[in-house]
Number of protein chains: 2
Amino acid sequence: MTGIPTATISRLVTYLRILEGLEAHEISRTSSNDLAERAGVTAFQVRKDLAYFGRFGTRGMGYTVPILKRELMRVLGLNQTWNVVVVGMGRLGQAIANYPGASDYQFQYVGLFDVNPDVVGRTVRGLPVRHMDELPEFVRGHKVDMGFLAVPPDHAQDAAQALAGAGVRGILNFAPTVIQPRMLERAGQQEISDEWRAVIVENVDFLAGMKRLAFYILNPHLNAVDTEETE
Amino acid sequence: MTGIPTATISRLVTYLRILEGLEAHEISRTSSNDLAERAGVTAFQVRKDLAYFGRFGTRGMGYTVPILKRELMRVLGLNQTWNVVVVGMGRLGQAIANYPGASDYQFQYVGLFDVNPDVVGRTVRGLPVRHMDELPEFVRGHKVDMGFLAVPPDHAQDAAQALAGAGVRGILNFAPTVIQPRMLERAGQQEISDEWRAVIVENVDFLAGMKRLAFYILNPHLNAVDTEETE
């Protein structure tokens, strides 16, 4: 598996969400046309996205909803448990810790962290809020896979560094800022530092959504269908 | 302008964020290579994304940061004021209303709405929380452009319908559910109802980010660079 567009992964997530909706309505069969319409893309795009990962349907027969759902969950790694810490327990961190549905996918919140003495020691969703100083030991002791960053933008880079340094493998960044891996100068070359080599950063940026919305309100004719496949 | 991939719009938003970072560090020139590296895509992709909207640089000279920033803001519609209401004032709605940076882009929160009698009447960020019954009149009276949906998933479709019915042009959906336009049966055909024709829906889905993160932790070799241009 090489050369899979990031947009394909985002769309797999959308297809999975649609399949769950179909299953909730006890609809057991679907097609690339049906998925395409619900996802706002073309049927060609659906078939192309799925083809990266195998053959899931029968030609002319479409897909069986629970089977395709199970296969997409396997592809996305959602059939296993992920241990998660939330860093930054202001309003946003609390909203994230209480976000509906996270635990449906085996995302288990195992630790909550902050630096604010007014917040450290409180209990949110049954977990104590710990001080960031405890993070490295906690991550090792609890086999933490992911950190969700909900700190103010000015503190995002430092908090991300703490997560990467502690050995977390993935960071979901909610701050409206780009997280950069730490770079080292080695033999005159800029190199990514060791602790960042295996770290994946994904962004959930509210502002990005607002900006895309502004663009599409100004250019509604560009929003009919995802046109990526015409490139 | 036709046939612009949605992924291009998302990347323009990323480039803009990078340009703002450069400007904050008083860096006045950049290049497609530099933007590409910071955004995690190829330089070819940067040039292709920008080329949809005009010629912004000088061959071999790169881009002037404040000029490219200003042009991207114009393209994205961020040089004008957008009036926003937030629907759902639980933890998430409060986090959104207080999210840092929204007001930097002329996103003006003009109204906050909920149905919970414990919340209606409270003040958040200097605005009273109003009951949803007041929404239609408020949207018309305050020229509301966008609604941010922060209600529980079960209520997202109804709240979106209320926003569309009130004449809002864009919905930013924070609930982990797909919003569907209302369909009508006309002359035996399914048609989008009038109030939904001009409505744009963008999703900010925390769970989608978590799922992409799970995929890339399992498949880290697929995360090196956006491979879209190789399609």
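All of these numbers come straight from a predicted model, not from anything done at the bench. So you know, we letter chains A, B, ... as the sequences are listed, proteins then strands, and number each from 1.
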In terms of ring plane angle, is the pair B/F206 and A/F206 parallel, tilted or perpendicular, where the classes change at 30° and 60°?
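Ring orientation, 0 to 90° scale: parallel.
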With a 4.5 angstrom heavy-atom cut-off, is it the side chain or the backbone of [X] that approaches chain B, or both, or neither?
X	value
A/A39	neither
A/I171	backbone
A/F148	side chain
A/N173	neither
A/V75	both
A/M210	both

Look at B/I96, B/T177, B/D145 and state which one has the largest set of heavy-atom pairs under 4.5 Å with chain A.
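So the answer, after comparing B/I96, B/T177, B/D145, is B/T177.
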To the nearest 0.5 Å, what is the distance between [atom1] on [X] and [atom2] on [Y]?
X	Y	atom1	atom2	answer
B/R212	A/E202	CZ	CD	4.5 Å
B/I217	A/R169	CD1	CZ	5.5 Å
A/R91	B/Y99	CZ	OH	14.0 Å
A/L76	B/L213	CG	CG	11.5 Å
B/L92	A/L92	CG	CG	8.0 Å
A/S10	B/D205	OG	CG	10.5 Å

Student check: side-chain heavy atoms of A/Y216 and B/V201 closer than 4.5 Å
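No, their side chains stay 4.5 Å or more apart.
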Please examine the side chains of A/L207 and B/R17, heavy atoms only from C-beta on, and report whether any two atoms are closer than 4.5 Å.
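No, side chains not in contact.
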With a 4.5 angstrom heavy-atom cut-off, is it the side chain or the backbone of B/A198 that approaches chain A, or both, or neither?
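The answer is neither part of B/A198.
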